[in-house]
**Q** 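Handing you this structure, nothing more for now.
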Amino acid sequence: MCHAVPARVIRVLPDEEAQVELAGSRKTVSTALVGPVAVGDFLLVHVGFALGRLDEAEAEATLAALDSLGTAP
Amino acid sequence: MRYVDEFRDPARARALAACIAAEVQPGRSYRLMEFCGGHTHAIFRYGVQDLLPAAVRMIHGPGCPVCVLPVGRLDMALALARRPGVTLCTYGDMLRVPGSRKGTLLRARAEGADVRMVGSALDAVRLAEADPARDVVFFAIGFETTTPPTAAAIRRAADRGVGNFSVFSNHVLTPAAIMNILEAPAVRAIERVEIDGFLGPAHVSVVIGAQPYEHFAEEFGKPVVIAGFEPLDVMQAILMLVRQLNAGRAEVENQYTRAVTRDGNAAAKALVAEVFELRRSFDWRGLGPVPYSALRLRAAYAAFDAERRFAMDAPPAVENKACECPRILRGAARPTDCRLFGRQCTPQTPLGSCMVSDEGACAAYYRYGRRARALEAAQ
Ligand code: SF4
């Protein structure tokens, strides 16, 4: 019930909507809660709405921190 | 899928597990509550507990909206669904939750009630527009993740003048529940559930931000680490909690930086504040009445409030006495402590709400917990 899923914007639609690709399928979602989006943006989608955005640089930083675990405590 | 697969990588999970094992201090125990059912689900699905040293114990919290809805509120929805002229819409999980005398929305539908499953609150508004002769009620439940969508649907109905749409609001607030677990004196006195730190909600925090938890860390001296829902997120957050506890720190840290900021989603919060206001008190299954823990529609949107529109009385609810959900939701019992677990009560034949939703502790134990159960038995 609280589990949003990552989805990539593949088309921006009028009326604060966008077509997204998530887990291999396409879906139209409302972007009213996240403001203007662009093709290629990654959103967190739940019950027909984008609730937030995914930040690529932060994701990379998290993975880099995990990869350095063995070397630095 | 990007942002998913890399956070399920087994090699990284093993490295994290080794790190956690190396850093737990001998003779010390780490009792960590994952508030969210989403985390409970991830912990069981990926066997996270099996990768953790014995000193780290995960306690499952009440963060499953289906599980914490009191039977009485479900009974009210059932009564609403049976009213002539009403179409009751809700998310799929709600259809199989047992109310008093094992009544469910599915059964009401079989008996002729117009109950529809919707994937979005906006679908309910569309249904209302398509059929002006019906009173379409959206039976709304959930934490801060589903509240903004409900608020958006109410706003849309108001903007378009959809007069036959209303909402039966059961939206609840995460920070109020965490606070209750930490301080409810009556509950604490009977069954002390010691908690050393919290795994903070993932997608709830996308909306409300990290800021609301700062108060608990300070006032109760318990660390909170906000964590994503993938297994590596959960494990990294556990490592961060272990490090805080070792160092004697109690701070709010954010593991899920790719999605959560300190302030959350401003537009979503503003929309919720415009449409909803706090209820003085709301009953939670397992926790009892929790002050200022739920939302109802503001007077300006009274026309869309099902509780004002329909005379809805709440007859006393009949709980299944053998169901241990209430104690499980407080972290005071485990699903295997329930004598119905896996016998009469299974995901196909749920007798309590904790067995219905994927996020419920009983469902997670049943689906993925065989190995964990065997380990427990061996201990
Ligand atoms: S196993 Fe079923 S009856 Fe027992 S506590 Fe869980 S949901 Fe309730």
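So you know, we letter chains A, B, ... as the sequences are listed, proteins then strands, and number each from 1.
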**Q** So which residue, A:Arg8, A:Arg53, A:Glu56, ends up with the most heavy-atom pairs under 4.5 Å with chain B?
**A**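 Winner by heavy-atom pair count: A:Glu56.
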
**Q** Find the one option among B:Gly37, B:Ala18, B:Pro149, B:Ala267 whose heavy-atom pairs under 4.5 Å with chain A are most numerous.
**A**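 That would be B:Pro149.
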
**Q** Using every non-hydrogen atom in the two residues, find where B:Phe7 and A:Ala59 come nearest and quote the distance to one decimal.
**A** CZ-O, 4.0 Å

**Q** Please indicate whether B:Arg126 has more than 12 foreign heavy atoms, meaning atoms of other residues, nucleotides or ligands, lying under 6.0 Å from its CZ.
**A** yes

**Q** Between A:Thr62, A:Val5, A:Leu54, which has the largest tally of heavy atom pairs under 4.5 Å with chain B?
**A** A:Leu54

**Q** Where on A:Glu21 is there a heavy atom nearer than 4.5 Å to chain B: the side chain, the backbone, both, or neither?
**A** backbone

**Q** Could you walk me through whether B:Leu122 and A:Phe49 pass the side-chain contact (heavy atoms from CB on, under 4.5 Å) check?
**A** CA-CA 10 Å; B:Leu122 293 177; A:Phe49 283 79; 3.6 Å; yes

**Q** Between B:Leu239 and A:Leu69, does a side-chain contact (heavy atoms from CB on, under 4.5 Å) hold up when you go through it step by step?
**A** CA-CA 11 Å; B:Leu239 178 63; A:Leu69 272 182; 3.8 Å; yes

**Q** Between B:Val206 and A:Gly52, what is the shortest heavy-atom contact and its length?
**A** CG1-CA, 3.9 Å

**Q** What part of B:Leu16 is in contact with chain A, defined as an atom under 4.5 angstrom from a non-hydrogen atom: side chain, backbone, both or neither?
**A** both

**Q** Determine whether more than 12 heavy atoms belonging to other residues, nucleotides or ligands lie under 6.0 Å from atom CG of A:Asp15.
**A** no

**Q** What part of A:Ala61 gets closer than 4.5 Å to chain B, counting heavy atoms only: side chain, backbone, both or neither?
**A** neither

**Q** A:Leu33 and B:Pro148: which non-hydrogen atoms are nearest, and at how many Å?
**A** CD1-CB, 3.6 Å

**Q** For a side-chain contact (heavy atoms from CB on, under 4.5 Å) check, start with the C-alpha distance between A:Leu63 and B:Arg12, then their side-chain angles and the critical distance, and finish with the verdict.
**A** CA-CA 9 Å; A:Leu63 291 171; B:Arg12 285 175 171 133; 3.7 Å; yes

**Q** If every non-hydrogen atom of B:Ser120 is compared with every non-hydrogen atom of A:Gly48, which pair is closest and at what distance?
**A**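 Residues B:Ser120 and A:Gly48, closest heavy atoms: CB-CA, 4.2 Å.
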
**Q** Do you know the tightest heavy-atom contact between A:Phe42 and B:Arg2?
**A** CE1-NH1, 3.1 Å

**Q** Of the backbone (N, CA, C, O) and the side chain (C-beta and beyond), which part of A:Leu44 lies under 4.5 Å from a heavy atom of chain B, both, or neither?
**A**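 Only the side chain of A:Leu44 comes within 4.5 Å of chain B.
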
**Q** Any chance the rings of A:His3 and B:His203 have centres within less than 6.0 Å?
**A**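 Between B:His203 and A:His3, which both carry aromatic rings, the centre distance is below 6.0 Å.
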
**Q** Does atom CZ of A:Arg11 have more than 12 heavy-atom neighbours from other groups under 6.0 Å away?
**A** no

**Q** Mind listing the closest non-hydrogen atom pair of A:Pro6 and B:Val4 along with its distance?
**A** CG-CG2, 3.6 Å

**Q** Using the rule given for salt bridge (charged side-chain N to carboxylate O under 4.0 Å, His left out), can you reason through A:Glu60 versus B:Arg258, listing the C-alpha separation, both sets of side-chain angles and the distance that settles it, and then say yes or no?
**A** CA-CA 9 Å; A:Glu60 291 307 324; B:Arg258 62 188 184 277; over 6 Å; no

**Q** Keeping B:Asn265 on the side-chain end and A:Leu51 on the backbone end, is there a donor-acceptor pair under 3.5 Å?
**A**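 Confirmed, B:Asn265 side chain pairs with A:Leu51 backbone.
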
